[in-house]
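Each chain gets a letter, A, B and so on, in the order its sequence line appears, and its residues count up from 1.
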Amino acid sequence: MLENLPKTYNPKDFEDRIYKYWNDNGYFVAHIDENKTPFTIMMPPPNVTGSLHMGHALNNTIQDILIRWKRMEGYSALWLPGTDHASISTEARVVNKIKSEGKTKEELGREGFLKEAWDWTRKYGNTIKNQLKKLGVSCDWTRDRFTLDEGLSRAVEEVFIRLYEKGLIYRGDRIINWCPSCKTAISDAEVEHEDTKGSIWHIKYPIKDSHEFIIIATTRPETMLGDLAVAVNPNDERYKHLIGKTAILPLIDREIPIIADEYVDMEFGTGAVKITPSHDPNDFEVGERHGLGQCIIMNEDATINQNGGIYEGLDRYDARKKIVEDLKEKGYLVEVKDHDHAVGHCERCSTVVEPLISKQWFVKMEPLAKPALEAYEKGQLNFIPPRFGKVYANWLENIKDWCISRQLWWGHRLPVFYCKDCDEIMVTRTKPEKCSKCGSSDLYQDEDTLDTWFSSALWPFSTLGWPEETEDLKYFFPTDVLVTGYDIIFFWVVRMVFSSIEQMGEVPFKDVFLTGLVRDSQGRKMSKSLGNGIDPLEVIDEYGADALRFTLVTGNTPGNDMRFYMERVEANRNFANKLWNASRFVLMNLEEDISKHEFSFEDLEEEDRWILSKLNKTIKEATENLNKYEIGLAAGKVYDFIWDEYCDWYIEMVKSRLYKEEGASKKTAQKVLLYVLKNILKLLHPFMPFITEEIWQHLPDTKEALILSSWPTYREELNFQDSEKAIEFIKSGIKGIRNARAEMNIIPSKKSKQIFVTTDEEIKEILNKGQRYFLNLASADEVEIREDKEGIDEDNISVVLDRCEVYLPLKDLIDYEKEIERLEKEKEKLEGEIKRVVGKLSNEGFVKKAPEKIVQEEREKKTKYEEMLEKVIERLESLKK
RNA sequence: GGGCGGUUAACUCAGCUGGUAGAGUGUCACCGUGACAUGGUGAAAGUCGUAGGUUCGAGUCCUAUACCGCCCACCA
């Protein structure tokens with residue numbers, strides 16, 4: 001029993017043990033059960049070589065709360081975990097690792113490198129999973145998946161082939177974002193735009209066979225090496241006469257045409273734009289329209305290539321510097337102005353990306369985006385909070401094709417084969433024997449791999465065995481809710497939706513719960529470079545997983561960022577300690593035969609009915625909150641019930657019965673204590689799984705594990721409105737007495753021998769039932785409740801309450817000055833209230849238009865306050881005499 | 001250039017469909033009382049960013065506006 005344990009809560013003593021107990025007994029494993037409704041969550045797969053951060057802790061806690069709750073509600077709850085191969089990030093780490101060993105990727109070759117990568121994955125792949133276990137995640141580890149698993153790879157190939165055959169995947173020369181550091185193409189979503197203070201250079205381009213110049217403006221002067229035209233707006237009077245003429249590119253003396261294109265904004269810069277089709281998306285389009293061709297001037301590491309003449313070999317920024325110097329020296333530079341503009345950076349390594357033309361593979365997005373948008377518009381996708389729906393829709397409305405090929409080795413290699421002889425493209429799962437066109441057997445596979453998000457886009461169904469028609473897939477798909485950060489709506493949420501609609505014919509989940517960012521106490525983003533990250537594992541080590549979990553889900557709202565404060569974790573640890581000790585108290589006061597009995601309704605006393613009714617209400621409201629994903633509110637209600645109602649009031653009220661009485665009343669108190677505690681543990685379990693299970697295991701008559709127990713439900717027969725009212729009345733009486741005593745500085749150990757309460761008949765009845773509460777809770781030896789004042793010494797302290805007055809015979813202890821002061825304050829307060837109520841009631845509009853109920857309430861308040869004021873004044877007068 | 005969020009007690013945040021502002025922490029006073037000092041009791045503390053409007057009544061709805069922050073966007 002618990003009383004043998006240390007009296008302070010020490011989560012380290014049991015958290016690991018409890019996790020093992022659940023896991024070893026298979027309690028996390030989901031079963032296909034046609035008698036149950038499935039409830040499915042797919043865990044957003046963390047990077048396989050990553051480690052746990054607060055973001056993971058937050059969204060996995062939320063998922064765990066939902067899955068534990070639904071499991072208790074009787075659903076067949078599947079929470080499927082897994083990891084992502086994270087192509088670009090993992091590859092970078094492995095490259096670093098082999099670099100530290102003095103080797104390069106190229107030296108190892110593809111196979112050698114992949115071997116290294118797999119070794120790395122096996123070495124670090126379990127780290128994050130073990131860390132997640134510390135958090136208490138109740139996911140089904142028997143269904144653990146990895147995006148590079150055979151099955152998932154098969155799904156990736158299948159989707160690639162299907163989309164290709166439908167014409168939704170194509171290969172082409174397009175301007176893509178090139179990261180010179182990762183040396184791969186990246187998608188638009190992977191580019192982060194950052195406002196940067198830069199310059200804009202105005203440069204003179206001479207006109208051939210003329211002394212005229214045309215002045216262009218550019219923010220990237222080095223790209224002039226690739227200029228193939230100068231463009232002006234066709235309606236621009238300044239330049240009309242130059243259209244069709246030829247300009248001479250300074251420094252390298254290339255002749256380029258001056259063309260007219262609507263794209264040029266006459267208002268901006270000089271109204272003349274250099275056109276570099278290979279290095280700018282707009283210029284690319286202009287180039288296409290005018291048949292300008294291409295001129296690539298950079299290598300894959302962003303140094304200038306042979307097309308750059310004397311600048312060949314220079315890094316792009318060195319080249320810029322040199323070119324500007326040369327232009328200046330030769331008199332072509334007209335002016336330099338400061339210019340702020342957005343510069344794209346690689347999301348992964350922060351290197352400035354270079355837009356350049358490249359042959360890559362793309363997914364044609366429009367046909368896929370349309371149904372994904374419609375699904376949202378038809379209400380098949382529900383965002384929490386709803387505002388993110390607009391973000392989702394807006395992205396889809398402005399969709400561009402998705403560049404999916406990456407010049408990396410770690411990932412799913414494109415199932416694409418080329419014929420060396422005729423360049424035929426063959427998209428098949430395995431390498432064909434012969435070219436389907438010319439019959440040549442000289443074939444090779446595309447070197448590229450797919451964007452990581454291509455495989456994670458399939459996660460909701462590939463993890464269940466698709467393209468096989470598995471039992472799991474039939475039963476658990478579609479999933480119910482996706483829990484993830486708002487920062488990956490574009491990367492992941494959108495792509496899962498359209499992939500699922502395309503392949504499965506329906507949305508992959510009904511609800512999308514978006515979490516905010518966990519920031520440090522100063523509101524900064526937690527980051528490695530700032531060193532301000534708080535390690536969830538350290539928090540768990542110090543305060544326990546339950547306290548961390550509770551901290552992450554309370555006091556904030558979905559989709560809003562939150563600041564992380566150690567003080568809050570500590571407060572929640574204290575809450576756990578409170579529950580721990582309340583449970584110890586209950587166990588210490590139970591008798592052996594308690595387990596055989598449920599309380600009987602006839603034996604219930606007022607406070608029993610009150611706490612049962614309050615519990616009932618808490619169950620109802622917390623469940624409603626959970627149904628609406630109001631996790632923080634649900635947790636808050638359970639917290640308040642446990643601390644404020646159960647610990648602070650019920651336990652205190654019931655003590656006299658446990659200590660002094662014998663028989664039925666005592667027994668009932670024990671039964672109710674236990675009944676409510678059991679329900680508390682159930683209600684709190686999703687939020688604080690460890691401590692609740694640990695306590696539960698020490699309770700009598702708990703055969704099954706708490707994790708498998710049933711979620712409490714509202715019981716109409718436990719709704720005791722009258723008892724609630726009565727106890728609330730008594731509580732206010734006790735509070736009034738305590739308040740008066742505290743203000744008079746009368747310490748509780750100085751008991752009032754006898755308390756007199758004068759009141760009317762109705763209240764007398766209520767108070768009579770609750771007499772004994774005053775004894776313990778208001779420091780009295782004896783309470784006398786009556787309807788008259790006969791024989792009561794008017795010099796005692798008197799507390800004026802609604803419909804009753806309490807006299808505390810503490811004559812020798814009273815400081816009359818203070819008592820008058822206290823009563824004056826009371827008087828002022830009441831007068832204020834009366835003024836407000838009277839104001840309201842004398843407002844004709846209010847009385848006429850407000851609902852009858854509200855008006856009635858105000859009238860009652862008026863009477864009540866006036867009565868109280870009268871008594872207070874009476875007291876004051878008698879004291880001042 | 002668009003879009004979104006925040007602005008409530010000293011601090012961090014709740015506040016669902018409009019009806020006398022809440023919590024945690026911190027502060028102050030008192031308390032080792034037989035579950036808990038990781039505790040108990042009590043107290044102080046807010047013109048709910050600003051200005052209008054709708055309403056009998058607005059932190060809550062509408063319109064402006066200020067400040068902070070985020071996202072999206074090809075203006076060279």
Side-chain angles (χ1 to χ4, degrees), chain A residues 2-3 7-9 175 193 200 216-220 223 231 263-265 267-276 280-285 339 341-342 344 355 385 387-388 390-391 394-395 398 486-487 489-490 516-517 521 523 543 547 551 554-557 559-565 567-568 570-589 624-625 628 630 632-633 636 639-640 647-648 651-652 655 659 735 738-743 745-749 776-777 779 833 836-837 840 843-851 853-855 857-858 861:
Chain A
L2 271 177
E3 62 261 47
K7 68 178 187 176
T8 49
Y9 155 74
I175 297 280
H193 291 279
I200 188 161
I216 58 89
T218 180
T219 54
R220 294 189 296 155
T223 59
Y263 151 72
V264 181
D265 178 356
E267 307 296 319
F268 190 87
T270 60
V273 190
K274 60 193 269 313
I275 300 296
T276 322
D280 182 279
N282 294 309
D283 293 9
F284 176 83
E285 280 172 28
H339 183 71
H341 60 142
R387 70 181 126 94
F388 286 108
K390 280 185 266 178
V391 177
N394 189 259
W395 166 268
N398 300 295
Y486 64 69
D487 52 334
I489 293 175
F490 307 136
L517 264 44
S521 58
Y543 295 104
T551 304
T554 50
N556 81 324
T557 253
N560 281 3
D561 294 355
M562 69 179 303
R563 297 189 191 203
F564 192 89
Y565 275 85
E567 290 88 335
R568 288 192 57 231
E570 197 178 326
N572 289 135
R573 188 274 317 265
N574 294 352
F575 169 61
N577 183 62
K578 186 78 183 173
L579 173 67
W580 181 267
N581 278 290
S583 306
R584 280 179 63 238
F585 172 82
V586 173
L587 284 164
M588 285 161 78
N589 286 285
E624 280 168 5
N625 287 139
K628 290 187 277 183
E630 292 165 348
L633 290 182
Y639 178 102
D640 289 343
C647 293
D648 286 351
I651 285 182
E652 295 306 325
K655 273 179 179 170
Y659 294 156
K735 280 182 188 169
R738 284 172 173 173
N739 177 321
R741 293 183 63 118
E743 289 203 10
N745 267 331
I746 298 166
I747 59 174
S749 58
N776 291 318
L777 303 184
S779 309
E833 292 298 322
R836 194 187 53 76
V837 177
K840 238 179 169 177
N843 179 341
E844 237 178 86
F846 174 75
V847 182
K848 265 191 201 158
K849 295 188 181 171
K853 195 181 151 225
I854 303 283
V855 179
E857 275 171 20
E858 291 300 320
K861 279 180 208 164

Practice problem: Ignoring backbone atoms, test whether A:Lys655 places a side-chain nitrogen or oxygen under 4.0 Å from the OP1 or OP2 oxygen of B:A35. | Solution: yes
Quiz item: Relative to each other, are the rings of A:His339 and A:Phe268 parallel, tilted or perpendicular (30° and 60° limits)?
Solution: perpendicular
Self-check item: Set of salt bridge (Lys or Arg N to Asp or Glu O under 4.0 Å) partners for A:Lys655, sequence neighbours left out
Solution: A:Glu652
Quiz item: Going by modelled atom types, is there a donor-acceptor pair between the base of B:A14 and the side chain of A:Glu630 at under 3.5 Å?
Solution: no
Exercise. Check whether any side-chain N or O of A:Asp561 sits under 3.5 Å from a backbone N or O of A:Leu517 as a donor-acceptor pair, and report yes or no.
Key: yes
Self-check item: A:Asn574 side-chain N/O to B:G39 phosphate OP1/OP2 under 4.0 Å
Solution: yes
Quiz prompt | For atom NZ of A:Lys390 and atom P of B:G3, their distance in whole Å | solution = 10 Å
Quiz item: Between the main-chain N or O of A:Tyr9 and the side-chain N or O of A:Arg573, is there a donor-acceptor pair closer than 3.5 Å?
Solution: no
Self-check item: Nearest-angstrom distance from the residue atom CG of A:Leu517 to P of B:G5
Solution: 17 Å
Self-check item: Distance between C1' atoms of B:U8 and B:U55 (Å, rounded)
Solution: 22 Å
Give me, pair by pair, the N or O atoms of the protein and of nucleotides 54-57 of chain B that are less than 3.5 Å apart, along with how far apart they are.
{"unit_1": "B:C56", "atom_1": "OP1", "unit_2": "A:Lys849", "atom_2": "NZ", "d": "2.2"}
{"unit_1": "B:C56", "atom_1": "O4'", "unit_2": "A:Gly845", "atom_2": "O", "d": "3.4"}
{"unit_1": "B:C56", "atom_1": "O2'", "unit_2": "A:Asn843", "atom_2": "ND2", "d": "2.8"}

Quiz item: Does OP1 or OP2 of B:C36 have a side-chain N or O of A:Lys7 closer than 4.0 Å?
Solution: yes
Quiz item: Phosphate oxygens OP1/OP2 of B:U12: is one of them under 4.0 Å from a side-chain N or O of A:Arg563?
Solution: yes
Practice problem: Look at A:Asn394 and B:C4 and indicate whether a side-chain polar atom (N or O) is within less than 4.0 Å of OP1 or OP2. | Solution: no
Quiz item: Do A:Asn581 side-chain atoms and A:Arg584 backbone N/O form a donor-acceptor pair below 3.5 Å?
Solution: no
Self-check item: Distance test, side-chain N/O of A:His339 to OP1/OP2 of B:A76, below 4.0 Å
Solution: yes
Exercise. Return yes if some donor-acceptor pair links the side-chain N/O of A:Asn556 with the main-chain N/O of A:Met562 below 3.5 Å, else return no.
Key: no
Quiz item: Closer than 4.0 Å, any side-chain N/O of A:Arg738 to the OP1 or OP2 of B:G42?
Solution: yes
Quiz prompt | Spacing between A:Asn581 atom CG and B:U38 atom C1', to the nearest angstrom | solution = 9 Å
Quiz item: Taking atom P of B:U17 as reference, at what distance in whole Å does atom CD of A:Glu624 sit?
Solution: 15 Å
Quiz item: A:Arg563 versus A:Arg568: any side-chain heavy-atom pair under 4.5 Å?
Solution: no
Exercise. Could you give the distance separating B:G18 and B:C61 at their P atoms, to the nearest angstrom?
Key: 9 Å
Quiz item: What nucleotide, of B:C16, B:C75, B:C4, holds the atom closest to the side chain of A:Arg387?
Solution: B:C4
Exercise. Look at A:Thr557 and B:G15 and indicate whether a side-chain polar atom (N or O) is within less than 4.0 Å of OP1 or OP2.
Key: yes
Practice problem: Would you mind reading off the distance between A:Asn572 atom CG and B:A23 atom C1', rounded to a whole angstrom? | Solution: 11 Å
Exercise. May I have the distance from A:Phe564 (atom CZ) to B:U25 (atom P), rounded to whole angstrom?
Key: 16 Å
Quiz item: Could you write out RNA chain B as a dot-bracket string, with dots for unpaired bases, | for bases paired across to another strand, and Watson-Crick or G-U pairs counted at under 3.5 Å?
Solution: (((((((..((((.....[..)))).(((((.......))))).....(((((..]....))))))))))))....
Quiz item: So A:Phe585 and A:Tyr659, would you call those rings parallel, tilted or perpendicular, with 30° and 60° as cut-offs?
Solution: perpendicular
Exercise. Using only side-chain N and O atoms of A:Asn739, determine if any of them is under 4.0 Å from OP1 or OP2 of B:A43.
Key: yes
Exercise. Have a look at A:Tyr565 and say if it touches a base, only the backbone sugar-phosphate, or nothing, with a 4.0 Å heavy-atom cut-off.
Key: sugar-phosphate
Quiz prompt | N/O (side chain, A:Tyr639) to phosphate O (OP1/OP2, B:A14) under 4.0 Å | solution = no
Quiz prompt | N-O pairing of A:Lys274 and A:Asp283 below 4.0 Å | solution = no
Self-check item: Base of B:U20 paired with side chain of A:Arg836 (donor-acceptor, under 3.5 Å)
Solution: yes
Quiz item: In whole angstroms, how far is the P atom of B:C74 from the CG atom of A:Asp280?
Solution: 11 Å
Quiz item: Distance only, no hydrogens: is a donor on one side chain within 3.5 Å (strictly under) of an acceptor on the other, for A:Asn574 and A:Tyr543?
Solution: no
Exercise. Measure from CZ on A:Phe575 to C1' on B:U38 and round the result to the nearest Å.
Key: 13 Å
